[in-house]
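As structure tokens, the structure follows; a few thoughts come after it.
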There are 2 protein chains.
Amino acid sequence: MTPATTAQSLLEGWQRGNVLAADCPSRPLLAHVTSRWGTLVMIVLLTGTFRFSDLRRRIPGISERMLAQTLQQLEADGFVLRTAFQVVPPHVEYSLTAPGQEAAAHVAALANWIEDNLTRLKPPAARGTDPETAKA
Amino acid sequence: MTPATTAQSLLEGWQRGNVLAADCPSRPLLAHVTSRWGTLVMIVLLTGTFRFSDLRRRIPGISERMLAQTLQQLEADGFVLRTAFQVVPPHVEYSLTAPGQEAAAHVAALANWIEDNLTRLKPPAARGTDPETAKA
DNA sequence: CAGGATCCTAAACGATACTG
DNA sequence: CAGTATCGTTTAGGATCCTG
């Protein structure tokens with residue numbers, strides 16, 4: 001850590017509009033939104049407001065821990081709005097903020113593009129034997 | 001491996017257009033393109049054709065291994081075109097395929113959106129003390 | 001120059017048990 | 001119901017050395 005960590009010096013390290021810089025503030029945000037579960041949570045929330053359990057059911061394979069963690073990140077980032085009703089048993093609803101909806105739209109656009117263009121990419125045969133799957 | 005692995009039976013496991021299914025074929029593709037370095041490689045390649053060393057220099061912080069691995073994945077997926085000239089010393093050029101450019105455009109759009117909307121998301125104070133950074 | 005091989009650390013992830 | 005705490009496993013990622 002350098003002695004003079006002023007706003008000025010911080011700005012010197014990365015050019016504005018450069019996601020490539022390792023210390024670009026947008027990197028963690030991008031990471032959260034493009035993370036394994038972050039992507040799916042954003043896509044699901046794009047379709048409505050849901051409770052914790054609803055989200056778990058709609059995202060097959062996600063664990064409680066990962067869902068909670070992902071939601072907290074996205075909330076801290078300002079993508080997700082968490083609304084807790086003070087009742088017992090607890091009732092919490094999750095939805096997208098206004099910026100969250102815009103970001104989610106981009107994420108969904110990418111996901112949809114990939115689905116729609118699967119055949120233009122590598123042929124099914126190649127996809128079946130890629131290193132990821134065949135590593136066993 | 002089930003006895004009848006027909007196209008039909010494969011289609012039964014996941015509904016078309018559902019990235020949420022754990023076994024959706026688009027998931028690995030999405031994962032590669034949204035991976036830490038995959039994103040950056042795609043964005044850089046969107047601006048032109050580059051050699052291995054060029055890419056390393058343009059993506060600060062990436063290691064040889066990760067660059068090689070990322071490029072191989074993206075090539076296997078059909079996003080990246082690898083052109084090797086048979087000369088010594090070796091000369092290899094990387095560029096985006098046609099579908100790769102479309103995919104990269106989506107990735108870049110998301111990254112740019114985040115940069116442009118940083119201030120609409122959490123205030124700088126919150127970003128400075130998020131769990132990721134302050135975990136030490 | 002463009003990687004492959006190897007070894008290692010850190011982080012992500014998952015399962016389970018428990019609590020207000 | 002909506003999480004937290006803890007633990008163990010798996011994977012991503014990094015450093016280094018080596019080769020065609």
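Below, chains carry the letters A, B, ... as their sequence lines are ordered, and counting in each starts from 1.
Looking at heavy-atom distances under 4.0 Å, A/Y94 makes contact with sugar-phosphate atoms alone, never a base. Within the 4.0 angstrom heavy-atom criterion, no nucleotide atom of any strand lies near B/R56.
Set against D/dT4, D/dT6, D/dG13, the side chain of A/E64 has D/dT4 as its closest nucleotide. The A/A68 side chain lies nearest to D/dT4 when the options are D/dT4, C/dA2, D/dC17. Each of C/dG4, D/dG14, C/dC1 was ranked by its minimum atom distance to the side chain of B/Q72; first place goes to C/dG4.
An OP1 or OP2 oxygen of C/dA2 is reached within less than 4.0 angstrom by a side-chain nitrogen or oxygen of B/R51.
B/D54 pairs with exactly one of B/R56, B/R57, B/R58 by the side-chain hydrogen bond (donor to acceptor under 3.5 Å, both in side chains) rule, that one being B/R57.
If you take CH2 of A/W37 and C1' of C/dA12, they are 12 Å apart, rounded to a whole angstrom. In this structure, B/M66 places its CE atom 13 Å from C1' of C/dG4, rounding to the nearest Å. In this structure, CD of B/Q69 is placed 17 Å from P of C/dC7, rounded to the nearest angstrom. For B/R65 and D/dC18, the CZ to P distance is 18 Å, given to the nearest whole Å. In this structure, A/L67 atom CG and D/dT4 atom P are separated by 11 Å, rounded to whole Å.
In terms of position along DNA chain C, the nucleotide closest to B/D54 lies nearer the 5' end than the nucleotide closest to the other residue of the pair A/S35 and B/D54.
The residues A/R120 and B/E102 are annotated as salt-bridged, a charged nitrogen and a carboxylate oxygen being separated by less than 4.0 angstrom.
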Just do the side chain to side chain contact (heavy atoms under 4.5 Å, CB included) check on B/L71 and B/L55 with the steps written out, would you? CA-CA 10 Å; B/L71 285 170; B/L55 287 172; 4.0 Å; yes

